[in-house]
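Numbering of residues begins at 1 and proceeds along the displayed sequence. All values below were derived from every heavy atom in this structure, side-chain atoms included, with hydrogens, water molecules and symmetry-related copies excluded. Note that ligands are numbered from 1 as they come in the structure, with each ligand's atoms numbered from 1 the same way.
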Amino acid sequence: MDSRTTMLALTALGAGAVTASLVKLKSRLRLSQAKHRSLTGHSRLSRRIAALIPFYDYDEARFFRCDNPPADVAAQREAGFGRLSALFGERYGETARLTAEIKNGISDLQFTDAYRVPFQFSRMVREHLQAGALVQSSSGVTVTDMDGNRFYDVTGSYGVNVFGYDFYKDCIARGVERVRDLGPVLGPYHPAIIYNVRRLKEISGLDEVSFHMSGTEAVMQAVRLARYHTRRSHLVRLCGAYHGWWGDVAPGVGNPVSARETYTLSDMSERTLRVLATRRDIACVLVNPLQALHPNSGAPADSALVDSARGAAFNKAAYAEWLKRLRAVCSERNIVLIFDEVFLGFRVAQGGAQEYFGVSADMVTYGKTLGGGLPVGVLCGRKELMRRFRDDRPVDVCFARGTFNSHPYVMAAMHEFLHRIETPEIRALYAGLDETWDRRTEALNGRLRQEGLPVRIANLSSIWTVCYTQPSRYNWMLQYYLRAEGLALSWVGTGRLIFSLNYTQADFDAVADRFVAAARAMRQDGWWWTDPAATNKSIRRRLLRETLAHRLGFG
Ligand SMILES: Cc1ncc(COP(=O)(O)O)c(C=O)c1O
C-alpha cells in the first residue's frame, strides 16, 4: 500500500471512529434526557445522596415547634398529642404490650415502625403513639385488635383484599377441603391446576402460565425470559414504579448495589419512546399500571411527607393512550412489553389492567389477590416467550424452578378465587365500579372542601392517596387521628388507603364520617397552623439547611 492509500485508509478509519463516537454520544444523551428530572429518576445519585443524610431528631420542644408556631398553637399541639397518647395507651394497651414483646425479634416490624413518619419525628411518635401490630380477627370490612377494638380496614392487606376477608376465608377453607386427600405433595400437580391454567389463559389472553411464590418472583421470571429470548441485556422500568424487591427492578435507595442493567425512564414521556425506538440493548419494558395514579413518583408513604407537595391524579384516557404508544414502539422494536398487574390486576376489571386500559401486553404478572388469600405469583405470556429452552441449542436453557411453586393448597385456593369471580355477585361488583368509587371519593372531598379542611383524596377506582392542600410539616399526624377514629391504615399511612369492594355505602359513610372527624380534630389541635409565608419550597429549603447543619456538626 503506498503512503497515499495508507493516508486515505487512516482518514476513513478516523472518520468512522468519530462517527461511531458521535452516534454513541447521541444515544447516551437521549438516554439521559429520558430520565425523570427528580431523584426518583436517578437511582445512583439518589443512593449517594441518601448515604450523606445524617440522622438527627427533634427533642420534645422542637417536635411541636419545628415550623415556629405561636406559643398558643404549640401548646394546643402538645395538649392534643398528650390526649392522643393517653387514648392510645388506654385503648390499645394489650396490643401494644404484645407487639413490644416480639418487636426485637422481627426485623421487618422494626423497619416499618421506624418509617411511619419523617425520621426527625419518629422517636417521639414511637414512644408515645404505640397502637401495636397484632390483630386477632376480621369480619366484613373490619379487623379486631388484641384489645377488642374494631377498625374499618383500609389497608387492603397490601392490595390482596379485593373482595373482603370473608371471601378469602371461604376460598381457603374450600381449597383445603378440595386438596385434603393429597396434602402438601410437591412435584406432581393437584388437578385443581387444570382449571387455573385454563382460566388464566382466558383472562390474560396469553398462551402459557408459570406459577411462583410471590409477585417479586413472577416479575423476576418475566424479565429473565425476556432477556433470554431477545438476547438483550437491559430492562426498562418507569420512574417510581414498584415491581417487588428484587434488585434489578429496585435500583436506588433501598438496594445496596447498583442495578447495572436497568434503565429507569420517565413515565408518559416522548423521550422514553424515543429511547425505546432507537436503542438495541432493551429486552423489555415493565409497566405497573398503578402508576397511572401518580406517574413518575414512588409509592407514597407518610415517612416522606415532609411538606404538602405530594400529588396524585388519575387520568384514565391519558394513561391508556400512553400504553397504546408504548405497545406500538415495543412491537416495532421487538421489545417485550410486560404488564405487572400484581397489584392492580383483578381490582379494576375481571380481565385486569389489559382490559381496563384496552391494551394487550406480551407478558403479564399477577399475584396478591389471585392466591385466594394464600401467597402467589403468576406469569402469563406468549408461547414463544415462555419457552425455557431452545430446540437448536440444547444446553442454552433459561432456568427457573421453586420448591413451593404450584403448591396444592395455593392452587386450590386460587381455583376457588377464579371460580368465584365468575359468579353473578362478583360480576355485579365490577359493574360501575369506577363510578361508585369516584362518586364516594368526590362526596368526601366535597365535605372536606366545605369544612375548609386542607385535605383531598385522589383515587384510582378503590385506591386512594391522601393529598394536602396547604404547606405543613405535620400532615403525617393525620394517620394517628384516623387510628383514633377507628380506621386501620397500613404502615405507609395516608399515602395509600385501599378499600375492598365489599364496602357498602353504609360502611363507606361510616369511614367518611370518621375521616372528617379525624381531620377536624387534627385542625383543632393546631397541627395545620401555618405561617402565611410558608411554601412547600420554603419548608424543603429549611429542612435542607437543618440537614446540612447536622452534617457539618452544627446541629
Ligand atoms: C406491582 C407489584 N409488583 C410486584 C410486587 C411484589 O409482590 P410480592 O410482594 O408478592 O413479592 C408488588 C407488591 O406490592 C407490586 O405491587
| remark: Ranked by distance from atom 8 (P) of ligand 1, the top protein heavy atom is Gly215 N, 3.5 Å
| request: Please state whether the rings of Tyr480 and Trp476 are parallel, tilted or perpendicular, taking 30° and 60° as the class boundaries. | output: perpendicular
| request: Please could you name the atoms of ligand 1 that Gly244 approaches to less than 4.0 Å, counting only its heavy atoms? | output: 4 (C), 5 (C), 6 (C)
| task | For atom 14 (O) of ligand 1, find the nearest protein heavy atom and state the residue, atom name and distance (0.1 Å precision). | result | Lys368 NZ, 2.7 Å
| request: List every atom of ligand 1 that sits less than 4.0 Å from any heavy atom of Asn288, numbering the atoms from 1 in the order shown and giving each element. | output: 1 (C)
| said: Tell me if the centroids of the rings in Phe417 and Phe346 come within less than 6.0 Å of each other. | reply: yes
| field | Ligand-side contact atoms (ligand 1) for residue partner Ser214, heavy atom cut-off under 4.0 Å | value | 10 (O), 11 (O)
| field | Side chain to side chain, Trp437 and Tyr503, heavy atoms closer than 4.5 Å | value | yes
| Heavy-atom distance under 4.5 Å between the side chains of Leu460 and Val348, does that happen here? | yes
| field | Close side-chain approach of Met363 and Leu379, heavy atoms under 4.5 Å | value | yes
| message | Checking a contact table here: which protein heavy atom is nearest atom 16 (O) of ligand 1, and how many Å away? | response | Phe343 CB, 3.4 Å
| request: Consider only side-chain N and O atoms of Asp302 and Thr494, and report whether a donor and an acceptor are under 3.5 Å apart. | output: yes
| said: Return the closest protein heavy atom for atom 9 (O) of ligand 1 as residue, atom name and distance. | reply: Thr216 OG1, 4.4 Å
| Do Gln130 and Asp113 have a side chain donor and acceptor closer than 3.5 Å? | yes
| note | Counting heavy atoms under 4.0 Å, the part of Tyr242 that contacts ligand 1 is both
| request: Identify the protein heavy atom lying closest to atom 3 (N) of ligand 1, giving its residue, its atom name and the separation to 0.1 Å. | output: Asp340 OD2, 2.6 Å
